[in-house]
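What follows is one structure encoded as structure tokens, with my remarks underneath.
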Number of protein chains: 2
Amino acid sequence: MNGLSAILAPSRFGGDDPAPLYLRLEGAIRDAVAAGTLAPGDALPAERELAAELGISRVTVRKALAGLVAAGLLVQRRGSGTYVAQPPRKVEQPLTRLTSFTEDLRTRGYVPDVRVLSATVAPPTPEEAAVLDLGPDERVSRIARLRLADGVPMAIEAASVPAVHLPDPAAVGLSLYAVLEARGIRVVRATQRLAACNLAAAEAALLEVPVGAAALRIERVARLADGRAAEFTRSFFRGDAYDFVAELDIGA
Amino acid sequence: MNGLSAILAPSRFGGDDPAPLYLRLEGAIRDAVAAGTLAPGDALPAERELAAELGISRVTVRKALAGLVAAGLLVQRRGSGTYVAQPPRKVEQPLTRLTSFTEDLRTRGYVPDVRVLSATVAPPTPEEAAVLDLGPDERVSRIARLRLADGVPMAIEAASVPAVHLPDPAAVGLSLYAVLEARGIRVVRATQRLAACNLAAAEAALLEVPVGAAALRIERVARLADGRAAEFTRSFFRGDAYDFVAELDIGA
DNA sequence: GAGTGGTCTAGACCACCAT
DNA sequence: TGGTGGTCTAGACCACTCA
């Protein structure tokens with residue numbers, strides 16, 4: 001017997017609230033987490049136990065839990081149980097400077113790390129050809145990396161660079177710009193597009209968040225002093241772990 | 001009889017794919033939309049019909065559809081049916097200038113509109129008191145608005161301003177800054193924090209997107225020339241409808 | 001009134017994790 | 001081995017939409 005169900009029960013249950021059962025259960029658990037009755041790391045009663053004690057079906061309990069897992073409030077581990085999630089530390093990043101991810105994290109006291117997911121050379125996709133201004137007979141080097149802070153996945157970065165600038169993408173470790181710089185390629189400015197999206201299964205798995213979790217999708221085109229595009233990068237930053245900060249001036 | 005089920009069936013069904021049924025159905029529908037077999041606005045077969053023709057249960061069909069609704073690929077209308085979503089036009093906004101939402105939209109060819117959700121004067125919350133540097137005996141004016149472009153909800157804006165600057169929040173229509181300016185209050189710069197989040201039920205309903213849809217949460221603190229904070233605004237921008245663009249210079 | 005999605009149930013089997 | 005979450009079923013009732 002676990003007393004938690006008893007704690008959850010009175011708050012929104014039993015009344016003649018017309019809201020769906022699963023939403024009432026969701027709200028009750030949200031309240032318990034907000035009130036501290038359920039602390040990060042705490043295990044919830046098993047689904048079957050919750051269902052039995054609340055007198056509702058397990059499917060309904062699962063629907064409530066699914067909503068909270070999608071919201072990042074709970075974590076479910078198969079074979080183990082359901083737990084209150086640890087709220088991650090937020091990382092801040094300035095939006096108006098072209099900074100090194102690695103240095104950025106280090107100066108903020110995190111231990112940066114990177115995992116190279118893939119490194120290939122291939123003909124450009126139509127999108128790459130258009131953005132990087134490449135002919136169909138030229139080639140692009142692609143490097144996909146997973147960025148971590150203190151061991152926690154923070155972002156996926158997939159960069160495309162004309163192969164003439166980066167013949168060996170596998171040589172890239174922490175910093176793409178360091179490798180480019182060593183070859184005399186200096187990026188001086190970039191245009192960044194930023195939007196929110198729900199993560200698909202593949203990206204969610206890499207970032208260790210539930211499918212559908214919110215992320216920032218950032219597309220960056222970096223250019224040389226002469227205006228030629230030298231890099232196209234698409235990144236996915238975990239929405240629950242990253243804050244971007246911008247200083248704005250008054251517009252015209 | 002609707003031929004769509006027959007079209008969906010062969011692509012990933014029937015094989016001994018070990019993936020869960022609902023994920024296979026999700027993939028099949030994704031493929032059909034990507035291939036154009038299902039075009040935006042098209043109605044899908046009814047849930048019961050899909051279940052019957054595919055020989056699976058309606059609960060499983062619903063789980064697959066729920067994933068695609070959360071991803072923004074489908075729209076469900078109670079009593080009517082399930083439809084392929086219309087991909088919305090994306091609005092671009094520069095991130096490095098403090099611009100007027102209304103003017104911004106107008107110059108881009110949209111018809112801007114606003115709905116005032118609430119306008120109140122009240123004692124500050126602890127958060128407002130800290131950010132706006134208010135004493136507990138001072139008061140804040142709050143104005144919550146829904147921004148629309150061509151009639152489509154784009155963003156929710158909840159602004160808090162010291163009441164001495166804005167005695168009558170109900171007087172604010174399209175532009176908060178215009179009202180402030182008329183009283184001689186000139187905002188000259190702002191700090192903006194930007195993160196991705198999954199929308200809760202209340203915000204999702206206002207923006208007419210499914211619960212859990214990705215949004216940009218932007219918190220802005222605007223300041224006067226003397227550095228005093230004059231405005232604190234928290235906004236939620238639809239992730240599927242808004243792109244923020246920033247020009248970056250090379251960092252130190 | 002017929003059809004649709006929204007909710008809910010009771011029960012089943014599986015894969016996985018812990019002990 | 002026993003408990004956990006993950007998947008799936010067949011059937012039910014409701015509220016809503018649309019003709």
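Proteins get letters first, then strands, A, B, ... in listed order; numbering begins at 1 in each.
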- Query: Should A/E26 and A/R24 count as an ion pair when the cut-off is N to O under 4.0 Å?
  - Reply: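 Here A/E26 does not pair with A/R24 in a salt bridge, since their nearest N and O are not under 4.0 Å apart.
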- Integer-rounded Å distance: D/dG2 P and A/E49 CD: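 So the CD-P distance, A/E49 to D/dG2, works out to 18 Å.
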- Round to a whole Å and report the spacing from CD of A/E47 to C1' of D/dG3.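 Spelled out: CD on A/E47 to C1' on D/dG3 is 12 Å.
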- Message: Can you give me the closest heavy-atom contact between B/A195 and A/Y242, atom names plus distance?
- Response: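 The pair with the smallest heavy-atom distance is CB-O, 3.5 Å.
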- Query: Considering residues at least two apart in sequence or located in another chain, which fulfil the salt bridge (charged side-chain N to carboxylate O under 4.0 Å, His left out) criterion with A/E127?
  - Reply: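 Expected list: A/R234.
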- Message: Checking A/R48 now: which residues fulfil salt bridge (charged side-chain N to carboxylate O under 4.0 Å, His left out) with it, not counting sequence neighbours?
- Response: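 So A/R48 forms no salt bridge (charged side-chain N to carboxylate O under 4.0 Å, His left out) with any residue.
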- Could you pull out all residues at least two apart from A/S80 that satisfy side-chain hydrogen bond (donor to acceptor under 3.5 Å, both in side chains)?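 Partners of A/S80 by the side-chain hydrogen bond (donor to acceptor under 3.5 Å, both in side chains) criterion, ordered by chain and then number, come out as A/Y83.
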- Excluding sequence neighbours, so at least two apart, what forms side-chain hydrogen bond (donor to acceptor under 3.5 Å, both in side chains) with B/T125?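 Scan of B/T125 (side-chain hydrogen bond (donor to acceptor under 3.5 Å, both in side chains), adjacent residues dropped) gives B/E128.
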- chain A footprint on DNA chain C, 5' to 3' - any atom under 4.0 Å from a heavy atom: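 Extent of the interface on DNA chain C: C/dT7 to C/dC17.
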- Give me the residues of residues 69-86 of chain A where at least one heavy atom lies under 4.0 Å from an atom of DNA chain C, by number, or none.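 Contacting residues: A/R78, A/G79.
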- Message: Among B/E47, B/E49, B/E53, exactly one meets salt bridge (charged side-chain N to carboxylate O under 4.0 Å, His left out) together with B/R58. Which residue is that?
- Response: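 The passing option is B/E47.
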- Item | Residue closer to the 5' end of DNA chain D, A/R48 versus B/T60 (nearest nucleotide) |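 Looking at DNA chain D, the more 5' nearest nucleotide goes with A/R48.
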- Message: With rounding to the nearest 0.5 angstrom, report the CD to CG distance, A/Q76 to A/L68.
- Response: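 Separation between the atoms: 9.5 Å.
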